[in-house]
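Notes to accompany the following structure.
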Amino acid sequence: MTEILVLYYSAGGSVREMAHLVARGVNHVEGASARLRTVPPVAPRTQVAEPPVPDEGAPYAELADLEQCAGLALGSPTRFGNMAAAPKYFLDSTGALWAKGALVGKPAAVFTSTASLHGGQETTLTSMMLPLLHHGMLVLGLPYTLPEVNTTASGGTPYGPSHWAGAGDDKPLTDDERALCIALGKRLAETALKLAA
């Protein structure tokens, strides 16, 4: 079974819902399965921010999850046009994997959620790609052959799925946003299987 790591950080729940949709897309592809993982929040001071195992939801990611996966979908809410501190902190700990080229040639993709429509969806997605490119991963987006990329009136870009969550994180994902999350999961799994063949 080809395993795709769906790694996310979610503060209000929207990115978590997107991660589950990406995982659904992965699981729709025969021979592929999704492994959902999250990262703990970063503490403002040097202290333990969270218990070593979350009370609910996906387990926390370990470096072994990255090394063992055949592909990666990375999701984060937007913070000032960039990914949140928690996934960045986790990625900053991957130097040993970078040094041995553990992720080179693996397909990867990104997704995000913003509070405002013009809150940095595209800059967040492209900035999330940078550490993946440094790892030598093959970054995938969403082609314009997907009708939802052209028709969306909220989130969804060629760089990856996005969601306009509203200031209170109370706007539900639209049908287009949901479809693009699922499409990304399928595309990532199909690419990983082709590369493994």
Side-chain angles (χ1 to χ4, degrees), residues 1-11 15-42 48-77 83-113 124-142 159-161 180-197:
M1 187 67 70
T2 297
E3 195 167 72
I4 304 299
L5 176 60
V6 181
L7 176 61
Y8 70 93
Y9 173 70
S10 187
V15 175
R16 179 178 56 245
E17 184 178 354
M18 294 175 78
H20 283 270
L21 290 165
V22 171
R24 183 186 305 171
V26 168
N27 291 331
H28 279 316
V29 176
E30 186 175 344
S33 67
R35 178 188 292 193
L36 278 164
R37 293 291 184 267
T38 190
V39 294
V42 175
V48 176
E50 290 289 322
V53 177
D55 293 332
E56 60 180 322
Y60 292 137
E62 298 177 358
L63 293 181
D65 292 312
L66 275 175
E67 191 163 16
Q68 295 164 4
C69 75
L72 169 67
L74 178 64
S76 172
M83 77 176 95
K88 176 71 167 71
Y89 183 81
F90 179 78
L91 290 174
D92 285 349
S93 74
T94 62
L97 296 180
W98 170 83
K100 64 182 181 178
L103 304 179
V104 172
K106 294 181 180 185
V110 293
F111 57 99
T112 193
S113 177
T124 299
L125 293 170
T126 55
S127 68
M128 289 171 68
M129 293 175 184
L130 297 178
L132 308 181
L133 290 167
H134 276 260
H135 272 287
M137 300 190 87
L138 308 173
V139 179
L140 305 174
L142 293 169
Y159 311 109
L180 291 172
C181 288
I182 293 168
L184 183 76
K186 287 181 181 176
R187 187 161 198 241
L188 192 53
E190 289 167 352
T191 301
L193 285 166
K194 285 178 186 172
L195 291 169

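Please read these numbers as outputs of a predicted model, since none were measured by experiment. Any value given below was found using the heavy atoms of this structure, including those in side chains, with hydrogens, waters and symmetry copies removed.
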Validation row: V110, L132 side chains within 4.5 angstrom (heavy atoms): yes
- prompt: Heavy-atom distance under 4.5 Å between the side chains of M83 and L91, does that happen here?
  reply: yes
Can you see which heavy atom on [X] is nearest to which on [Y], and at what distance?
X	Y	result
A32	L193	CB-CD1, 4.4 Å
L184	A109	CD1-CB, 3.5 Å
M18	S113	SD-CB, 4.2 Å
V39	A61	CG1-CB, 4.5 Å
L72	L7	CD1-CB, 3.9 Å
T191	P107	CG2-CB, 3.9 Å

side-chain hydrogen bond (donor to acceptor under 3.5 Å, both in side chains) contacts touching residues 125-137 (sequence neighbours left out): N82-S127, T94-H135
query: Which residue pairs satisfy the side-chain hydrogen bond (donor to acceptor under 3.5 Å, both in side chains) criterion with at least one member in residues 15-29, sequence neighbours excluded?
result: E17-R178
message: A23: which residues meet the side chain to side chain contact (heavy atoms under 4.5 Å, CB included) condition with it, sequence neighbours left out?
response: V6, A34, L36
Any sub-3.5 Å donor-acceptor pair from [X]'s side-chain atoms to [Y]'s backbone N or O?
X	Y	value
K106	C69	yes
T38	Y60	no
S76	A84	yes

message: Tell me whether F90 at atom CZ has more than 12 heavy atoms from other residues, nucleotides or ligands lying less than 6.0 Å away.
response: yes
From [X] [atom1] over to [Y] [atom2], what is the distance, rounded to the nearest 0.5 angstrom?
X	Y	atom1	atom2	value
Y159	L142	OH	CG	12.0 Å
L180	L21	CG	CG	10.5 Å
M137	M129	CE	CE	12.5 Å
L125	F111	CG	CZ	10.0 Å

field: Pairs flagged by salt bridge (Lys or Arg N to Asp or Glu O under 4.0 Å) wherever residues 183-197 is involved - sequence neighbours left out
entry: none
For [X], give me all partners under side-chain hydrogen bond (donor to acceptor under 3.5 Å, both in side chains), at least two apart in sequence or on another chain.
X	answer
T124	T78
S10	none
T2	none

task: Check salt bridge (Lys or Arg N to Asp or Glu O under 4.0 Å) between K100 and all other residues, then give those that pass, not counting sequence neighbours.
output: E67
- prompt: Who are the salt bridge (Lys or Arg N to Asp or Glu O under 4.0 Å) partners of E3, not counting sequence neighbours?
  reply: R35
